[in-house]
Amino acid sequence: MNNPTAISLVVSCDPDLARLVRMTAANVATLSSMSVECVEDIRMAAEEAFIYACATSPDETLTIDFDVDSTRVAMTFTLEADAFAEPSADDPTAAYADLILGSVCDVYQKVETPARLVLEVKADVDDL
């Protein structure tokens with residue numbers, strides 16, 4: 001796949017929809033030149049970003065924009081809110097998500113106004 005492909009998914013911030021998000025991300029990743037391990041990283045990153053959004057903005061609608069080509073997969077998780085709510089001190093979700101997303105993604109940014117998580121994972125296999 002040489003041409004970029006854009007895909008959008010709009011879901012409620014409901015943890016019951018995590019499987020839908022992670023399976024969509026994995027399917028999008030297969031459009032790129034990625035190994036099975038890298039596809040798994042995309043799946044995990046999408047799930048962590050989604051769970052983070054659910055924990056910080058449980059009653060919001062979330063738009064996930066995927067941008068994929070043969071060299072990488074980019075995902076932007078955008079909430080309706082202007083900022084992410086701070087998770088409670090008892091909830092380690094934010095720290096865990098930061099750890100996972102920072103280690104799995106080549107690009108990981110948390111942006112305010114509107115609240116967005118921007119992720120990118122580069123392909124690890126040459127285009128055939």
Side-chain angles (χ1 to χ4, degrees):
M1 163 182 277
N2 293 327
N3 296 328
T5 299
I7 301 160
S8 292
L9 176 65
V10 179
V11 294
S12 299
C13 286
D14 178 350
D16 290 339
L17 299 175
R19 185 173 197 276
L20 172 68
V21 171
R22 73 177 174 258
M23 297 308 293
T24 301
N27 285 325
V28 168
T30 64
L31 299 174
S32 186
S33 300
M34 295 191 171
S35 66
V36 172
E37 292 82 13
C38 202
V39 170
E40 180 62 20
D41 286 347
I42 293 277
R43 185 205 61 79
M44 181 173 41
E47 182 174 17
E48 287 304 322
F50 179 70
I51 294 299
Y52 177 76
C54 290
T56 60
S57 303
D59 296 321
E60 298 286 333
T61 297
L62 177 69
T63 300
I64 307 164
D65 293 309
F66 298 92
D67 186 20
V68 60
D69 63 27
S70 62
T71 65
R72 54 72 178 143
V73 172
M75 298 178 283
T76 303
F77 292 72
T78 306
L79 289 164
E80 294 173 328
D82 285 338
F84 290 103
E86 288 299 318
S88 72
D90 306 349
D91 186 2
T93 303
Y96 184 72
D98 281 340
L99 176 70
I100 294 296
L101 296 173
S103 64
V104 168
C105 299
D106 295 302
V107 173
Y108 167 48
Q109 296 176 309
K110 210 181 289 182
V111 181
E112 303 292 334
T113 313
R116 298 187 309 274
L117 295 175
V118 179
L119 315 173
E120 184 174 315
V121 177
K122 294 180 181 160
D124 60 346
V125 176
D126 291 332
D127 198 14
L128 301 175

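If you read the sequence from its start, that first residue is 1, and numbering goes on from there.
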Novice: What distance separates Ile42 CD1 from Glu37 CD, expressed to the nearest 0.5 Å?
Specialist: 13.0 Å
Novice: Taking only residues two or more places apart in sequence or in another chain, which ones pass side-chain hydrogen bond (donor to acceptor under 3.5 Å, both in side chains) with Asp106?
Specialist: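 Listed in chain order: nothing, the list is empty.
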Novice: I'd like to know if Phe50 and Tyr96 are part of one continuous hydrophobic network [Ile/Leu/Val/Met/Phe/Trp/Tyr, side-chain heavy atoms within less than 4.5 Å].
Specialist: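 They do not share one cluster, since no chain of ILVMFWY contacts under 4.5 Å joins Tyr96 to Phe50.
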Novice: Any chain of hydrophobic side-chain contacts (each under 4.5 Å) joining Val11 to Met44?
Specialist: no
Novice: Can you tell me if Asp67 uses its side chain to pair, donor with acceptor, with the backbone of Ala74 under 3.5 Å?
Specialist: no
Novice: Which is it for Phe66 and Leu31 under the side-chain contact (heavy atoms from CB on, under 4.5 Å) test, yes or no, and what are the steps along the way?
Specialist: CA-CA 11 Å; Phe66 298 92; Leu31 299 174; over 6 Å; no
Novice: For the CZ atom of Arg116 and the CE atom of Met75, what is their distance to the nearest 0.5 Å?
Specialist: 15.5 Å
Novice: Out of curiosity, Asp41 CG to Leu101 CG, how far, rounded to the nearest 0.5 Å?
Specialist: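 Going from the CG atom of Asp41 to the CG atom of Leu101 covers 11.0 Å.
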Novice: Would you give the length of the straight line joining atom CG of Leu62 to atom CG of Leu9, rounded to the nearest 0.5 angstrom?
Specialist: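 Leu62 atom CG to Leu9 atom CG measures 8.0 Å (nearest 0.5 Å).
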Novice: At their closest point, which heavy atom of Leu79 faces which heavy atom of Cys13, and how far apart are they?
Specialist: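 So the two residues come closest at CD2-SG, 3.6 Å.
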Novice: Side-chain heavy atoms under 4.5 angstrom apart, residues restricted to Ile, Leu, Val, Met, Phe, Trp, Tyr: same cluster for Leu119 and Leu20?
Specialist: yes
Novice: Tell me whether Ile7 shares a hydrophobic cluster with Met34, the cluster being built from Ile, Leu, Val, Met, Phe, Trp, Tyr side chains joined at under 4.5 Å.
Specialist: yes
Novice: Which distance, rounded to the nearest 0.5 Å, do you find between the CD of Glu47 and the CZ of Arg19?
Specialist: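 It comes to 11.0 Å.
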Novice: Any chance you could measure Asp65, atom CG, to Phe77, atom CZ, to the nearest 0.5 Å?
Specialist: 10.0 Å
Novice: Please report the closest heavy-atom contact between Ser33 and Ala123, naming both atoms and the distance.
Specialist: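 Smallest interatomic distance, heavy atoms only, reads O-CB, 3.1 Å.
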Novice: In the single-linkage hydrophobic clustering (I, L, V, M, F, W, Y; side-chain heavy atoms under 4.5 Å), do Leu117 and Leu99 co-cluster?
Specialist: no
Novice: If I compare all heavy atoms of Ala26 with all of Val39, which pair ends up nearest, and what's the gap?
Specialist: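 Of all heavy-atom pairs spanning Ala26 and Val39, the closest is O-CG1, 3.7 Å.
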Novice: Would a distance-only check, ignoring hydrogens and angles, find a side-chain to backbone donor-acceptor pair under 3.5 Å from Ser32 to Ala29?
Specialist: no
Novice: Compute whether any side-chain donor of one residue and acceptor of the other, for Asp98 and Tyr52, lie under 3.5 angstrom apart.
Specialist: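 The criterion, which ignores hydrogens and geometry beyond distance, is not satisfied for Tyr52 and Asp98.
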Novice: Do you know which two heavy atoms are closest between Val21 and Ala46, and how far apart they sit?
Specialist: CG1-O, 3.9 Å
Novice: I need the minimum non-hydrogen distance between Glu80 and Glu60, along with the two atoms involved.
Specialist: CB-OE1, 3.1 Å
Novice: If we only count heavy atoms from C-beta on, is the Thr71 to Lys122 side-chain gap below 4.5 Å?
Specialist: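 Thr71 vs Lys122: side chains apart.
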Novice: Can you establish whether the number of heavy atoms outside Lys110 located under 6.0 Å from its atom NZ is more than 12?
Specialist: yes
Novice: How close do Cys54 and Pro15 get, counting heavy atoms only, and between which atoms?
Specialist: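 Closest approach of Cys54 to Pro15: SG-N, 3.8 Å.
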